[in-house]
Amino acid sequence: MEKLRGVNLGGWLVLEKWMNQNLFAGTDAMDETYLCLKLGEDRARERLTIHRDEFIGERDFEDIAVRGFNAVRIPVPFFLFEDVGPYIHCHEYLDKAFVWARKFGLKVLVDLHTAPGGHNGTDNSGICGVCLWSTRSEYRNYTLSVLERIAQRYGKEEAMWGISVLNEPMCSDTEAAKALNIHNLTQVYLPADQELAAENTNYSLEYLRRFYRDAYRVIRKHMGSEKYVVFSDAFELEVWDEFLDCGDFEGVVLDTHNYLMTPDQMLFTERNLEVYVRYLRSLGEKVNAAAKRFPLIVGEWNIQNQADGLEQMGKEEKDRLYTAIADAFLEGMKDTLGWFYWSYKIYLEGTDAECDDAGRCVNHGWLRPGER
């Protein structure tokens, strides 16, 4: 199998305000839920239709292929197939994506990025500061029904690589939960409705594993084992060996996400290329070791960093920094099935935006997907 060298189509069918703040103009909404609530159905439909039509199209898929990428990871919402108040459905755009992917020889990983009730409390779940997904059986059942409908509609598509069943779940009983839990995250992603957020509940690793088993079952009813079912590692790469090796699964892949953002903020006292490369070598050893035990992808990564003196760096120094970081990341993913850069493009300017935009990274020579 050809190694995946992909990009995420972030900010297209699942909104994150930081990626396109103009889309939220005229409101104080911080996430897609409250954008739709504040605009109302008619205005939300009009604004989102314009955005979805203009942000990603056939020419983008061609551009992705020309730049040396061979796959796209497409975040989709739980309201993909139907309007679920206050949201506006978007399945027709995913239909088009498969047509374009087939035309330009790209593989597609469909990633269920949001879940009803909110499943991790961050803006990328569609509702900031709210995590109620595990508190109601109807939320869980609806999530499974959406996954089954994705498999039914696209499972036989030539371009389909796989379905990722839930993006970045946050468990309550893992080592990562000490930092990544709903009670800490609500200090960063402030809930608009404090009364609603008062019911927030993280779920256990065992709860997530049960959901994964059910998600696998409903997907495999409609999609053959030559296409993949992808489970997020919930930011805990080392707790999945026994679960994945149970003998109940075919064509299952684990997805891990790696950024410098968190260690930059929480771990490093000095921020420079030497520190970053040392950290990424250690991380890469862990990732590559895991990839030898079970099928693994890195579904999100990028070269954004907060190096000391970054804003004062000249072009040559900055080019050296970003190229070396990208190369260290790539070396640390060499034994995986592949990777997806976050993200393909972003409507922002400045140093951080360049790092988040795969197209600009390729233009600068920092990222060379055709070589790795």
Side-chain angles (χ1 to χ4, degrees), residues 1-8 69-76 101 105-113 147 150-151 154-169 171 174 176 205-206 208-259 280 282-302 329-342 369 372:
M1 181 182 66
E2 185 181 9
K3 188 180 184 75
L4 297 171
R5 306 181 306 277
V7 290
N8 282 275
F69 300 101
N70 63 9
V72 290
R73 179 174 180 258
I74 306 180
V76 300
L106 300 173
K107 290 298 184 181
V108 176
L109 174 58
V110 180
D111 165 60
L112 186 61
H113 219 70
L147 290 168
I150 292 171
Y154 306 107
K156 302 294 191 295
E157 284 277 355
E158 176 187 345
M160 172 67 88
W161 190 85
I163 298 172
S164 181
V165 304
L166 192 63
N167 178 69
E168 295 187 350
C171 297
T174 63
L205 184 61
E206 180 55 33
L208 182 64
R209 286 171 171 165
R210 290 198 303 270
F211 170 74
Y212 282 175
R213 287 183 178 277
D214 289 341
Y216 175 86
R217 175 179 52 80
V218 300
I219 290 170
R220 278 287 176 249
K221 284 164 56 178
H222 309 283
M223 192 172 78
S225 59
E226 75 281 359
K227 302 180 190 298
Y228 297 95
V229 178
V230 180
F231 299 152
S232 168
D233 72 346
F235 299 100
E236 287 287 358
L237 187 56
E238 302 300 326
V239 299
W240 295 99
D241 293 65
E242 183 177 351
F243 179 74
L244 295 175
D245 196 35
C246 66
D248 295 338
F249 304 125
E250 281 188 277
V252 163
V253 174
L254 198 69
D255 175 16
T256 192
H257 294 175
N258 294 327
Y259 290 98
L280 291 173
S282 176
L283 177 63
E285 289 174 1
K286 179 179 176 182
V287 169
N288 285 325
K292 293 174 181 176
R293 303 195 306 271
F294 45 74
L296 180 68
I297 62 170
V298 178
E300 295 183 18
W301 70 281
N302 68 28
F329 263 117
L330 291 169
E331 180 65 20
M333 300 184 289
K334 66 181 181 180
D335 293 323
T336 69
L337 299 183
W339 48 263
F340 295 85
Y341 196 88
W342 188 278
R372 304 289 280 271

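Worth knowing before you read on, the calculation uses all heavy atoms, side chains too, and leaves out hydrogens, waters and symmetry mates.
More than 12 heavy atoms of other residues, nucleotides or ligands sit less than 6.0 Å from atom CD of Glu206.
With Phe294 as reference, Leu254 is the one residue of Asp245, Val252, Leu254 to meet the side chain to side chain contact (heavy atoms under 4.5 Å, CB included) rule. With Trp161 as reference, Ile297 is the one residue of Ile297, Val72, Asn70, Val108 to meet the side chain to side chain contact (heavy atoms under 4.5 Å, CB included) rule.
Here the straight-line distance linking atom CD of Glu2 with atom CG of Leu337 works out to 12.5 Å at 0.5 Å rounding. Rounded to the nearest 0.5 Å, atoms NZ (Lys292) and OG1 (Thr336) are 12.0 Å apart. The CD1 atom of Ile163 sits 8.5 Å away from the CZ atom of Arg220 when rounded to the nearest 0.5 Å. Here the CD atom belonging to Glu157 is positioned 8.5 Å from the NZ atom belonging to Lys227, to the nearest 0.5 angstrom. With rounding to the nearest 0.5 Å, the separation of CG in Leu4 from CE in Met333 is 11.5 Å.
For the pair Ala176 and Phe235, the tightest heavy-atom approach, listed with the atom from each and the gap, is CB-O, 3.8 Å. The minimum heavy-atom distance linking His222 with Lys156 is given by the pair O-NZ, 2.8 Å. Looking at every heavy atom in both residues, Leu147 comes nearest to Ala215 through CD1-CB, 3.8 Å.
Side-chain contact check for Asn8 versus His113: every heavy-atom pair is 4.5 Å or farther apart. Within the 4.5 Å cutoff, the side chain of Leu280 has no heavy atoms near those of the Asn258 side chain. Residues Val239 and Thr174 are not in side-chain contact: their nearest non-hydrogen atoms beyond the backbone lie 4.5 Å or more apart.
Taking the six-membered ring for Trp and the full ring otherwise, Trp301 and Tyr259 have centroids separated by 6.0 Å or more. Ring to ring, Phe69 and Phe340 are not that close: their centroids are 6.0 angstrom or more apart.
Listed for the Lys3 side chain is a donor-acceptor partner under 3.5 Å among the backbone atoms of Lys334.
Under the 30°/60° scheme for interplanar angles, the aromatic rings of Tyr216 and Phe231 are found to stand perpendicular.
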